[in-house]
A.B. asks: 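The structure that follows is given in the form of structure tokens.
In what follows, chains are A, B, ... by sequence order, proteins preceding strands, each numbered from 1.
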Amino acid sequence: MPPTPFEQIHRIVARIPRGRVATYGQISRMLDGRFSAQFVGWAMHGAPEGLPWHRVINSKGGVSTRRILGYAPDLQKNLLEAEGIVFDDEDRCDLAVYQWDGR
DNA sequence: CCATTGACGAAGA
DNA sequence: TTCTTCGCCAATG
């Protein structure tokens, strides 16, 4: 049987190298637009342990987990900073520098 | 089966 | 630049 949408998304996320990031929309496009960017976010909600979910951010270069209740504030940002990614005073990083090229 | 729901994004005001 | 609107589509109840 074919991989589920979640599995296809998780496979891509698992390939993101340390110190790089990918956007929800980018992953959606890498899967040929079969799923909406919004759905990619939903797939992260149920990400299996070990998946580098923190390397997936929004198109503005910022993290989106702060609005989720139950998450430690700035956890995602802290994990990325630990990998060398720098955020500006608006909590955004430079996608031109850190965005994964998919290879 | 139908309505609602998102860790989103592009376009327009 | 910020805010709103609309499209997106599998999952969930």
A.B. asks: With heavy atoms of chain A within less than 4.0 Å as the criterion, where does contact along DNA chain C begin and end?
C.D. replies: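 It runs C:dC8 to C:dA11.
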
A.B. asks: Map A:T4 and A:R92 onto DNA chain C by nearest heavy atom, then report which one ends up closer to the 5' terminus.
C.D. replies: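 The residue closer to the strand's 5' end, by nearest nucleotide, is A:R92.
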
A.B. asks: Between the main-chain N or O of A:D91 and the side-chain N or O of A:D88, is there a donor-acceptor pair closer than 3.5 Å?
C.D. replies: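 Such a contact is found between A:D88 side chain and A:D91 backbone.
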
A.B. asks: Could you list by number each residue of residues 13-26 of chain A showing a heavy-atom separation from DNA chain B of less than 4.0 Å, or answer none if no residue does?
C.D. replies: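 Correct list: A:T23, A:Y24, A:G25.
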
A.B. asks: Between A:R55 and A:V13 (side chain of the first, backbone of the second, donor and acceptor by atom type, cut-off under 3.5 Å), is there such a pair?
C.D. replies: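 No; zero donor-acceptor contacts below 3.5 Å.
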
A.B. asks: To the nearest Å, give me how far apart CG (A:N58) and C1' (B:dA7) are.
C.D. replies: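 Spelled out: CG on A:N58 to C1' on B:dA7 is 9 Å.
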
A.B. asks: One thing to verify: whether A:K60 and A:E90 come together as a salt bridge, which I'm taking to mean a side-chain N less than 4.0 angstrom from a carboxylate O.
C.D. replies: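 Here A:E90 does not pair with A:K60 in a salt bridge, since their nearest N and O are not under 4.0 Å apart.
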
A.B. asks: Rounded to the nearest angstrom, tell me the gap between atom CE in A:M44 and atom P in B:dA7.
C.D. replies: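 Interatomic distance, CE of A:M44 to P of B:dA7: 12 Å.
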
A.B. asks: Taking it one step at a time, do A:M30 and A:W100 satisfy side chain to side chain contact (heavy atoms under 4.5 Å, CB included)?
C.D. replies: CA-CA 12 Å; A:M30 287 177 73; A:W100 178 44; 3.9 Å; yes

A.B. asks: Hey, does A:W53 have a side-chain heavy atom less than 4.5 Å from the side chain of A:L79?
C.D. replies: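 Heavy-atom side-chain distance check passes, below 4.5 Å.
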
A.B. asks: Donor-acceptor pair, A:H10 side chain versus A:P5 backbone, under 3.5 Å?
C.D. replies: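 No, A:H10 side chain to A:P5 backbone: no donor-acceptor pair under 3.5 Å.
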
A.B. asks: Do A:F39 and A:F6 have ring centroids that are under 6.0 Å from one another?
C.D. replies: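 Yes; A:F39 has its ring centre under 6.0 Å from that of A:F6.
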
A.B. asks: Go through it in stages, so that I can follow the logic: the residues are A:V56 and A:T23, the test is side chain to side chain contact (heavy atoms under 4.5 Å, CB included), and I'd like the CA-CA distance, side-chain angles, deciding distance and then a yes or no.
C.D. replies: CA-CA 5 Å; A:V56 184; A:T23 69; over 6 Å; no

A.B. asks: Measure from CD on A:Q99 to C1' on B:dG9 and round the result to the nearest Å.
C.D. replies: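 Distance check: A:Q99 CD to B:dG9 C1' gives 13 Å.
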
A.B. asks: Return no unless some side-chain N or O of A:S36 is found under 4.0 Å from OP1 or OP2 of B:dC8.
C.D. replies: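 A:S36 to B:dC8 OP1/OP2: no side-chain N or O under 4.0 Å.
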
A.B. asks: Using the rule that Ile, Leu, Val, Met, Phe, Trp and Tyr join whenever any side-chain heavy atoms are under 4.5 Å apart, tell me whether A:V21 and A:V97 fall into a single cluster.
C.D. replies: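 Per the 4.5 Å side-chain linkage, A:V21 and A:V97 are co-clustered.
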
A.B. asks: Distance check needed: B:dG6 P versus A:F6 CZ, whole Å only.
C.D. replies: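 Atom-to-atom, A:F6 to B:dG6, this comes out as 13 Å.
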
A.B. asks: Write down the distance between CH2 (A:W53) and P (B:dC8), rounded to a whole number of angstrom.
C.D. replies: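 Distance, rounded to whole Å: 13 Å.
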
A.B. asks: Rounded to the nearest Å, what distance is computed from the CD1 atom of residue A:I27 to the P atom of nucleotide B:dA7?
C.D. replies: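 After rounding, the gap between these two atoms is 15 Å.
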
A.B. asks: In whole angstrom, what separates A:K60's NZ from B:dA10's C1'?
C.D. replies: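 Checked: the NZ to C1' distance equals 10 Å.
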
A.B. asks: Tell me the interatomic distance from A:I9, atom CD1, to B:dC8, atom C1', rounded to whole angstroms.
C.D. replies: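 Interatomic distance, CD1 of A:I9 to C1' of B:dC8: 12 Å.
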
